[in-house]
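Just so you know, ligand 1 is whichever comes first in the structure, and atom 1 is the first atom listed for that ligand.
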Amino acid sequence: MSSMGKRETPLRILIVGAGAVGLFYGSRLHQPQSNVLVSLVCRSNYNAIKSNGVKLQTHSFGDYIFHPEHVFNSVQAADCIGHWDYVVVTTKALPPSDASKSEANLIRPVVSEGTTIVLIQNGIGIEKPYADAFPSNALLSTVTVVSAEQLEQGMVRQNRWTRISIGPWNSAGPKRGEERMKEFADILKSGGVKDAEMYDERGLQFVRWHKIAINASFNPSSVLSNGASNSGMAADPLLKTHILGTMYEVLRLAEVVLQSPLPSKFATPEKIVESSLRNTAKSEGEASRPSMWYDWAGGKPLELEVILGNVVREAERVNVEVPRIQSMYALLYMAQKRRDDANKKAKL
Ligand SMILES: NC(=O)c1ccc[n+]([C@@H]2O[C@H](COP(=O)([O-])OP(=O)(O)OC[C@H]3O[C@@H](n4cnc5c(N)ncnc54)[C@H](OP(=O)(O)O)[C@@H]3O)[C@@H](O)[C@H]2O)c1
């Protein structure tokens, strides 16, 4: 692992959303020897992390404990630090509970002049609310393929992979998005994430759409098949046809939206299905099921809008048919609404 040399003034990074992804990447970004200091905004795991730090069991770096500079129990509390160089959003990408407000409102107290906002989240169309809310701040959009889970409060297991793809979002003008992207990638690399990759804006969107082709096919299909695993879906002839058809639907739409053919470096749907067949290792236990299944099984909100809804809306905008995606979105939207309505009634 290469160290970056000590900065004279500390560079401060705030992770908002201290779950599996935020805690894993936060622990790699935290490099006190170089004066790069990571702090966390926690919610349900605040007490555990405040008392004991974060325990990590990682495939790539072994086991270790990460002691952040500060642990806050709300974004407002983190406002006590005068300036954050980076605010990294790693919550699930969900619609705001108050529909009249933007999801970007969450980080408003900690964004000041010169703060770079980094999104590490799945989904299509996640950047716009942040770009609209903070037009003068640099915004980095990132896509990760890490497989990580929070086993218990403050304890994260990284099962495999570290790759994170980073691109500036609309970085024209004085916002210095490209410079910030390079700095952020360098910190990750010096923290051992060797495959922190940089893209231009359109290149990153291709990475995002390619990841969504995978998420939008396997994730809802797992929920709709009562928890089938990725390998189980790839092995079943009927579901394999459905998964391949869905991935092609998304990739064809991506080519229309981004007005360019998919770069040849990306794995084809057939290759993705083939590698999913091998994803059966018992030691990874339940990790071979998509996270949307666990969210559904745990009664939690699904990342439905950014994984399916925004794809349907983009398809409508450019007049492309996505019948498989549209059907899964309609079914899961209603399933989630009925579940939530029933829960609300049961509480009355
Ligand atoms: N896990 C993976 O392997 C993986 C891989 C690739 C991409 N992703 C994507 O990465 C993103 C993050 O996923 P994840 O698996 O890390 O999710 P996660 O484990 O559920 O973590 C999200 C965290 O955000 C916190 N949070 C949510 N709203 C908050 C708020 N208003 N204030 C403070 N904290 C808040 C949650 O707190 P509570 O615990 O209190 O709810 C939770 O700790 C998602 O878009 C996901 O699709 C995940």
Side-chain angles (χ1 to χ4, degrees), residues 14-27 39-49 54 56-60 68 71-79 87-98 101-110 118-127 130 141-165 193 207-208 210-212 214-216 218-220 222 230 279 284-308 310:
L14 181 68
I15 307 279
V16 178
V21 166
L23 294 175
F24 174 69
Y25 283 110
S27 76
S39 297
L40 305 173
V41 172
C42 295
R43 201 163 59 172
S44 53
N45 54 12
Y46 172 76
N47 287 334
I49 293 181
V54 184
L56 287 116
Q57 297 172 2
T58 74
H59 169 78
S60 308
V71 183
F72 302 104
N73 61 4
S74 68
V75 179
Q76 286 74 9
D79 184 25
V87 170
V88 181
V89 181
T90 52
T91 56
K92 288 264 167 72
L94 297 169
S97 46
D98 178 346
K101 293 199 174 130
S102 157
E103 44 271 69
N105 247 19
L106 174 65
I107 60 168
R108 192 167 289 286
V110 286
V118 184
L119 307 178
I120 314 184
Q121 294 175 310
N122 276 333
I124 289 298
I126 61 165
E127 299 89 353
Y130 292 88
S141 179
T142 83
V143 177
T144 175
V145 299
V146 72
S147 162
E149 52 196 313
Q150 192 170 187
L151 300 175
E152 55 187 71
Q153 306 251 305
M155 181 187 282
V156 168
R157 182 169 70 196
Q158 175 238 11
N159 298 305
R160 55 199 166 145
W161 299 317
T162 57
R163 191 168 76 232
I164 179 163
S165 308
V193 181
V207 178
R208 206 168 255 302
H210 187 257
K211 178 92 195 288
I212 273 298
I214 301 169
N215 294 140
F218 283 98
N219 296 17
S222 179
N230 287 7
N279 185 3
E284 280 160 19
E286 309 263 296
S288 60
R289 284 186 175 82
S291 60
M292 192 179 273
W293 161 253
Y294 293 104
D295 288 338
W296 175 255
K300 294 183 184 164
L302 310 182
E303 286 183 304
L304 213 52
E305 296 309 323
V306 296
I307 290 180
L308 296 176
N310 286 351

Option of least heavy-atom distance to atom 11 (C) of ligand 1 (set: Ile120, Val41, Ile107) = Ile120
How far is atom 25 (C) of ligand 1 from its nearest protein heavy atom, and which residue and atom name does that atom have?
-> Gly17 CA, 3.7 Å
Does an N or O anywhere in Val145 fall below 3.5 Å from an N or O of ligand 1?
-> no
Distance-only, no hydrogens or angles: does the Asn122 side chain make a donor-acceptor pair with backbone N or O of Ile307 under 3.5 Å?
-> no
Report the distance from atom OG1 of Thr91 to atom CD of Gln121, rounding to the nearest 0.5 Å.
-> 4.5 Å
OH/Tyr46 to CG/Leu40 distance, rounded to the nearest 0.5 angstrom?
-> 11.0 Å
Contact partition for Ser147 relative to ligand 1, non-hydrogen atoms under 4.0 Å | backbone
Would you say the side-chain atoms of Arg208 pair up with the backbone N or O of Gly123, donor to acceptor, closer than 3.5 Å?
-> yes
Identity and separation of the nearest protein heavy atom to atom 20 (O) of ligand 1 = Lys92 NZ, 3.5 Å
Does even one non-hydrogen atom of Lys211 get within less than 4.0 Å of ligand 1?
-> yes
Can an N or O of Gly22 be found at a distance shorter than 3.5 Å from an N or O of ligand 1?
-> no
Whether Ser222 side chain and Asn219 backbone form a donor-acceptor pair below 3.5 Å | no
Can you tell which part of Leu106 has a heavy atom less than 4.0 Å from ligand 1: side chain, backbone, both or neither?
-> side chain
Heavy-atom nearest neighbour in the protein, as seen from atom 9 (C) of ligand 1, with distance rounded to 0.1 Å | Asn122 ND2, 3.7 Å
Is a donor on one side and an acceptor on the other found under 3.5 Å between the side chain of Asn310 and the backbone of Ile124?
-> yes
Okay, side chain of Thr142, backbone of Leu119: is any donor-acceptor separation there less than 3.5 Å?
-> yes
So does Glu149 pair up with Arg157, basic N to acidic O under 4.0 Å?
-> yes
Could you tell me whether the side chain of Ser147 and the main chain of Arg160 form a donor-acceptor pair under 3.5 Å?
-> no
Can you tell me if Gln158 uses its side chain to pair, donor with acceptor, with the backbone of His59 under 3.5 Å?
-> yes
Counting N and O atoms only, with roles assigned by atom type, does the side chain of Tyr25 sit under 3.5 Å from a partner on the main chain of Thr162, one being a donor and the other an acceptor?
-> yes
Nearest protein heavy atom with distance in Å, relative to atom 48 (C) of ligand 1 | Val21 CG2, 3.3 Å
Atom 47 (O) of ligand 1: the protein heavy-atom neighbour that sits closest, reported with distance to 0.1 Å = Glu303 OE1, 2.7 Å
In the protein, what heavy atom is nearest to atom 41 (O) of ligand 1, and what distance, to one decimal place, separates them?
-> Arg43 NH2, 3.0 Å
Please write down residue, atom name and distance for the protein heavy atom closest to atom 23 (C) of ligand 1.
-> Gly19 N, 3.6 Å
Measure the distance from atom 26 (N) of ligand 1 to every protein heavy atom, then report the residue, atom name and distance (to 0.1 Å) of the closest one.
-> Thr91 CG2, 3.7 Å
Does some non-hydrogen atom of Ala148 fall short of 4.0 Å from ligand 1?
-> yes
Going by the atom numbers of ligand 1, which of them fall below 4.0 Å from some non-hydrogen atom of Val146?
-> 2 (C), 3 (O), 4 (C), 5 (C), 6 (C)
Please could you name the atoms of ligand 1 that Gln121 approaches to less than 4.0 Å, counting only its heavy atoms?
-> 45 (O)
Which atoms of ligand 1 sit under 4.0 Å from any heavy atom of Thr90?
-> 12 (C), 22 (C)
Gap separating the CE atom of Met292 from the CG atom of Leu308, nearest 0.5 angstrom = 5.5 Å
Of the backbone atoms (N, CA, C, O) and the side-chain heavy atoms from C-beta on, which set of Ser44 has a member under 4.0 Å from an atom of ligand 1: side chain, backbone, both, or neither?
-> both
